[in-house]
S.K.: 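Below you'll find the structure I mean.
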Amino acid sequence: MATFLYRLGRLAFRRRRLFLALWIVVLAAVGVGAANSPGTSTDDFTLPGTQSQKAIDLLEKEFPQASANGATARVVFQAPNGQKLTSGGNKSVVESLVADLKTAPQVANASDPFTSGQVSKDGTIAFAQVTYKVSKADLSDEASGALTKAADEGEKAGLTVSLGGNAVQEKSASKAAEMIGLVVAAFVLVITFGSLLAAGLPLLTAIIGVVTAVFAITIATAFVDMSSASTTLALMLGLAVAIDYALFIVSRYRSELREGHEPEEAAGRALGTAGSAVVFAGLTVIIALAGLSVIGIKMLTTMGLGAAFAVAVAVVIALTLLPAMLGFAGTRITKGKLTTQRLRAQERGEGETMGVRWGRFVTRNPVRMLVGSVLVLGVLAIPALSMRLTLPDDSMAAPGSTQRASYDTLSKGFGEGFNGPLTVVVDARDSKDPRAAAADAYAKVGKLPDVAAARPAVFNEAGDVALIGVVPKSSPSSEDTKDLVNAIRDQSAGLHADTGADLLVTGTTAVNIDVSAKLGEALLPYLAIVVGLALILLLLVFRSILVPVKAALGFLLSIVSTLGVVVAVFQWGWLKDVFGIDEAAPIVSVLPIFMIGVVFGLAMDYEVFLVTRMREEFVHGAEPTEAIVAGFRHGARVVTAAAVIMIAVFAGFLLDDTALIKSIGLGLAAAVLFDAFVVRMTIVPAVMTLLGRRAWSLPAWLDRILPNVDVEGEKLRHTLEAQRSQNGPGGDRPEQAEPTPLHQG
């Protein structure tokens with residue numbers, strides 16, 4: 001691996017114009033493709049094997065007019081102060097708007113509030129339920145425009161009109177997050193390198209990589225149903241890891257130049273050492289993200305694969321475009337004018353860096369540092385024990401948005417349960433008396449606690465499948481509503497025994513409950529698959545059993561403490577005003593399992609970058625403790641800079657209005673903070689100090705069968721030393737290499 005990357009680095013350095021031209025062509029091609037892509041993103045769920053999906057499939061077959069999987073919208077009307085909607089003028093306006101919606105493009109039906117019982121008791125609030133013939137992904141601009149037009153005309157007539165449901169297009173996400181991340185990254189890079197040129201290369205290559213990945217994902221939406229969050233998450237993760245990977249390689253390149261190597265040789269050596277770590281760090285992230293596909297939820301699969309693709313592009317960019325750009329920079333990349341006198345002295349080998357002092361402090365006090373760090377993370381993890389899961393609905397929409405106004409107005413006029421009605425399906429195809437079975441089901445359901453209202457059964461044309469509408473008393477995300485769904489499903493066994501019919505529950509609320517349950521069931525198997533594969537990868541990288549196990553255990557500490565922070569902020573409401581959260585709510589159900597994938601990948605990033613340098617020093621003859629300190633000497637400053645950049649990029653997404661993106665931003669920022677500074681830079685050196693040489697031990701039989709990927713570049717070092725001996729003094733380059741001027745560009 002190291003030898004191959006060494007040659008690739010030299011090749012890209014020499015043929016820099018060709019490599020740059022190829023990437024410009026790739027960027028232009030995907031840009032044109034994205035601009036002409038007709039695809040759209042979606043938030044539609046398919047949940048094979050769940051009761052809610054079974055009910056949806058049955059409804060599509062028996063009630064095609066109901067558009068079971070079609071988009072839906074609620075148009076909520078509120079009368080002016082002191083007036084009622086049932087008065088002549090206001091009633092006429094509502095009826096006219098509903099009539100227009102019935103004839104709007106792609107609309108299957110729009111209910112009249114006055115004939116459907118959808119007017120509040122005081123007559124001030126009403127809503128029309130609009131169902132569409134197509135899913136949200138296939139909703140046309142004309143159909144969306146008709147909704148907006150109805151709201152605007154209602155407002156002009158003096159009514160307050162708000163829109164809810166999945167057919168309502170959300171406001172575009174703010175771009176401030178990306179800008180904040182880039183500004184902080186630029187600032188940190190300038191401080192780290194003391195050079196605008198050295199700081200600019202990671203930013204430039206990261207932007208090219210992220211834009212390429214986002215354009216490619218946009219093209220993919222024409223062929224695959226991609227989640228609407230896929231692009232945002234690919235942007236978030238792609239930007240963070242791309243900057244980090246470039247940061248490590250540029251830092252190693254500058255180090256090789258200071259050791260006296262010519263630029264082309266320095267580029268080859270940087271890629272052969274730091275580049276190897278980038279490859280395996282990237283692979284751990286990709287494995288963790290791609291592993292989300294085993295869960296069986298398409299939305300989560302596309303989110304994971306999209307982000308994994310962005311990480312893969314970041315790795316390829318770091319291994320090809322970055323060394324080419326180093327070719328244009330030459331030795332000028334070391335001539336920083338913004339470095340402090342202390343930093344310049346440290347670069348000359350004078351004095352100890354902060355990283356070295358910290359490394360020595362931890363290795364002198366390993367037990368106290370280990371126990372203290374574990375206790376801190378353990379306390380932070382306590383809130384995770386009370387975590388509740390849900391999927392985002394309009395109650396989590398941004399304050400001031402039409403979706404949030406719709407939710408709040410409906411809750412005020414009808415009760416919170418009207419925002420999450422349940423669809424109870426009576427499958428009486430095997431019943432001798434379907435109508436009696438439906439009547440029995442209606443009676444059973446109506447007597448259950450937390451049922452605010454139940455609508456009598458409506459049959460299909462064959463008369464053997466019926467729908468019963470149920471409105472809970474509680475909000476869609478409450479535990480009471482979840483208990484109600486389970487209670488209705490529990491009635492199915494008794495109904496089947498009495499009548500031969502079955503009860504199925506679906507609707508958005510039931511789907512959310514099933515998604516949360518499915519994710520909960522998949523959590524441990526997913527964790528086992530991802531951690532197992534990554535442990536094998538780390539076993540190859542470090543040629544040790546204890547180091548990968550220690551890395552995985554450290555990750556578990558990071559993830560539980562991170563989930564504890566997310567629960568404390570989003571569910572308990574601690575510091576919610578600081579983070580711009582309107583009100584406390586259950587955790588978005590996809591967050592824990594998604595964060596496990598992402599955080600594991602990022603945790604292994606820091607493990608690989610920091611510990612490979614320790615192993616490199618150990619393999620080259622250093623004592624275990626000195627190898628740890630040497631790893632900090634070469635890697636602590638860069639790992640710190642990388643972590644600060646990632647924290648800034650992720651924290652910037654707290655400015656997003658979407659609950660899922662906001663919670664992922666906080667979660668990932670906290671995870672990097674805990675993992676980089678507490679686990680990797682405190683717990684890891686403490687444990688490795690206590691283990692001593694045992695940390696690097698490997699059974700002889702396993703050593704013989706494992707392939708040697710040479711991440712630390714030991715084979716490369718011997719190869720280069722042999723070539724130098726053959727070429728004589730000054731023979732820094734292999735004979736086939738072309739001479740390269742120091743300042744070519």
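One-based numbering along the sequence shown.
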S.K.: Counting only heavy atoms not in Phe677, do more than 12 sit closer than 6.0 Å to its CZ atom?
M.R.: yes
S.K.: Tell me whether the guanidinium CZ or amine NZ of Arg16 lies under 6.0 angstrom from the six-membered ring centre of Phe13 and within 45° of its axis.
M.R.: yes
S.K.: Identify, with sequence neighbours excluded, every residue that meets side chain to side chain contact (heavy atoms under 4.5 Å, CB included) alongside Val316.
M.R.: Trp23, Thr320
S.K.: My understanding is that only one of Val210, Val285, Leu289 makes a side-chain contact (heavy atoms from CB on, under 4.5 Å) with Leu237; could you say which?
M.R.: Leu289
S.K.: Could you walk me through whether Phe328 and Leu20 pass side chain to side chain contact (heavy atoms under 4.5 Å, CB included), step by step?
M.R.: CA-CA 10 Å; Phe328 289 105; Leu20 177 60; 4.0 Å; yes
S.K.: Let me see the working for Ile683 and Leu377 under side chain to side chain contact (heavy atoms under 4.5 Å, CB included), right down to the final yes or no.
M.R.: CA-CA 11 Å; Ile683 293 178; Leu377 294 181; 4.2 Å; yes
S.K.: Holding to side chain to side chain contact (heavy atoms under 4.5 Å, CB included), I want the full list of residues that pass it with Ser251, two or more places apart in sequence or in another chain.
M.R.: Phe193, Val638
S.K.: Return each pair, listed once, that meets salt bridge (Lys or Arg N to Asp or Glu O under 4.0 Å) where at least one residue sits in residues 621-630; pairs must be two or more places apart or across chains.
M.R.: Arg360-Glu626, Glu623-Arg693
S.K.: For Phe361, which residues count as a ring pair (Phe, Tyr, Trp, His ring centres under 6.0 Å) partner, sequence neighbours excluded?
M.R.: Trp358
S.K.: Is the closest side-chain heavy-atom distance between Lys550 and Val611 below 4.5 Å?
M.R.: yes
S.K.: Which pair of non-hydrogen atoms, one from Ser561 and one from Phe674, has the smallest distance, and what is that distance?
M.R.: OG-CD1, 3.4 Å
S.K.: State, with a plain yes or no, whether a side-chain heavy atom of Leu196 is found less than 4.5 Å away from one of Val190.
M.R.: yes
S.K.: Answer yes when Glu259 and Arg269 have at least one side-chain N-carboxylate O distance shorter than 4.0 Å, and no when they do not.
M.R.: no
S.K.: Could you pull out all donor-acceptor pairs under 3.5 Å where a side-chain atom in residues 594-604 meets a protein atom, sequence neighbours excluded?
M.R.:
none

S.K.: Among all residues two or more places apart in sequence or in another chain, which pass the salt bridge (charged side-chain N to carboxylate O under 4.0 Å, His left out) test with Asp244?
M.R.: none
S.K.: Compare every heavy atom of Gly631 with every heavy atom of Met614, then report the nearest pair and how far apart it is.
M.R.: CG-CA, 3.9 Å
S.K.: Decide yes or no for Leu292 and Met303: does some side-chain heavy atom of the first lie under 4.5 Å from some side-chain heavy atom of the second?
M.R.: no
S.K.: How close do Gly282 and Val311 get, heavy atom to heavy atom, and via which atoms?
M.R.: O-CG1, 4.0 Å
S.K.: Could you give the distance from CD1 (Ile243) to CG (Leu239), rounded to the nearest 0.5 Å?
M.R.: 4.0 Å
